[in-house]
Structure formats: structure tokens, C-alpha cells
Amino acid sequence: MKERIKILLTEEEVDARIKQIGEQISKDYQDREVHLVCVLKGGSFFMCELAKRITVPVSLDFMSVSSYGSDTKSSGVVKIVKDLDDSIKDKDVIVVEDIVDSGRTLSYLMEMLEGRDPATLRLCTLLDKPDRRVVDVNVDYTGFQIPDEFVVGYGLDYDQRYRNLPYIGVVEFD
């Protein structure tokens, strides 16, 4: 089976929306510093572009989590593969994610991070698939709501491929 990629969101659309989110975060955190926590691997492309567009001081950290179970769906059991390097106590933290779908992993992650006593804790995602939501997750900053399709690009992959696409595409199989 061969796949092809159909463009869902162009590079220009993604770039314009990230700029808007950066402006909103800069306004919301005026005269404060924001600490971005990237959920690896997919969130790295989005976080780098977002950080460049935030005008208040920014610090960065990274986490890698894995939600395992059957091959086709998350069990909601989350394993921390790489934890934060620094404490988030008393910091204004924004978790940056590439996509929110079922909400299981992010719900667990946000609850765990809340227990580390940040001053504030918010969630920012490039893509949101509300039709896939199983667990309610409050998303503070959303790039785009998208339909329940398998998407790649801008950090999202299919079998470790297509992360480097500068747009969001839908994987279609022949």
C-alpha cells in the first residue's frame, strides 16, 4: 500500500496562525516570563516557531511521554520517557503539543504538572481533533480544529516520516 499526502493546511495558513497565537500569549503574559514545555517529538517544530513569535521572555524545557496499550489506540497509561530538566514551581508554564485527540495522555500530563506547583499552567496545541476526545482537556490556545483524519507535517509523523513537511497534510492510502 502506497500513501500520498493531501494538503489540509498550507504553510502560509500555519505560519499566520502561529503568529496570532504568539501575539496572544505575549499579550496574556505581558511583563512576565513564560516557560514553554514541549511534548516531544511532534511538538518541537511548533514550539520552535511559536517561541520565535512570543515577545515576552521565554524559557524552554522538554518532556517525552508514551501512552501504550494496543497498537491502534492509547490505553491512557502514560510513561514518562524524558522528564523536565528544571523545576516548574512558581513559573508560568505553557505545555506545547502538536495535536490533542483523545485527551488521555494530556489529561494525565497536565494533572501531574499541576502537582509540581507552577504559578499558572496552560495548554497550547497546534491541532485539535475534538471528535476524538474521550477525556475532557482544557485547551487554552488552539491553532486549528481539524476533522478526524490522519495528519502529518509540522512535527507530526507517519512511521517517523513526513515530520519535516512545512504544512499539515492528510495521509491517503492507495
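Only a predicted model underlies this, so the values are computations on that prediction, with no experimental measurement involved.
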Could you tell me the separation between the [atom1] atom of [X] and the [atom2] atom of [Y], rounded to the nearest 0.5 Å?
X    : Y    : atom1 : atom2 : answer
C38  : L84  : SG    : CG    : 11.0 Å
Q20  : R17  : CD    : CZ    : 5.0 Å
I54  : E33  : CD1   : CD    : 11.0 Å
L113 : Y108 : CG    : OH    : 9.5 Å
H35  : T120 : NE2   : OG1   : 11.5 Å
L60  : C48  : CG    : SG    : 7.5 Å

Short side-chain to backbone donor-acceptor contact, S26 and T55, under 3.5 Å: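 Present.
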For a 4.5 angstrom cut-off between non-hydrogen side-chain atoms, does [X] reach [Y]?
X   : Y    : answer
R53 : I25  : no
I5  : V171 : yes
V39 : D98  : no
V56 : R32  : no
M63 : L40  : no
E97 : L109 : no

One thing to verify: whether K91 and D61 come together as a salt bridge, which I'm taking to mean a side-chain N less than 4.0 angstrom from a carboxylate O.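 Salt bridge flag = no for K91 with D61.
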Salt bridge R104-D101, side-chain N to carboxylate O under 4.0 Å: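 So R104 does not pair with D101 through a salt bridge.
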Residue pair K82 / D85: nearest heavy atoms and the distance that separates them: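 For K82 and D85, the tightest heavy-atom pair comes out as NZ-OD1, 3.2 Å.
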Please find the pair of heavy atoms, one from V58 and one from A51, that lie closest to each other, and give the distance.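 So the minimum-distance heavy-atom pair works out to CG1-CB, 4.4 Å.
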Around atom NZ of K19, are there more than 12 heavy atoms of other residues, nucleotides or ligands at under 6.0 Å?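 Not buried by this count: 12 neighbours or fewer within 6.0 Å.
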Please table the atom pairs, donor to acceptor, closer than 3.5 Å between any side-chain atom in residues 149-159 and protein atoms at least two apart or in another chain.
residue : atom : partner : partner atom : Å
D157    : OD1  : R163    : NH2          : 3.1
D157    : OD2  : Q160    : N            : 2.7

Hydrophobic cluster membership, with links at side-chain heavy-atom distances under 4.5 Å among I/L/V/M/F/W/Y: are I7 and L127 in one?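 Different clusters.
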Can you list, pair by pair, the side-chain donor-acceptor contacts under 3.5 Å of residues 137-146, counting residues two or more places apart and other chains?
residue : atom : partner : partner atom : Å
N138    : ND2  : D140    : OD1          : 3.3
D140    : OD2  : L123    : N            : 2.8
Y141    : OH   : D28     : OD2          : 2.6
Y141    : OH   : R122    : NH1          : 2.9

Partner of F46 by side-chain contact (heavy atoms from CB on, under 4.5 Å), out of V96, I99, V14: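 Single pass found, and it is V96.
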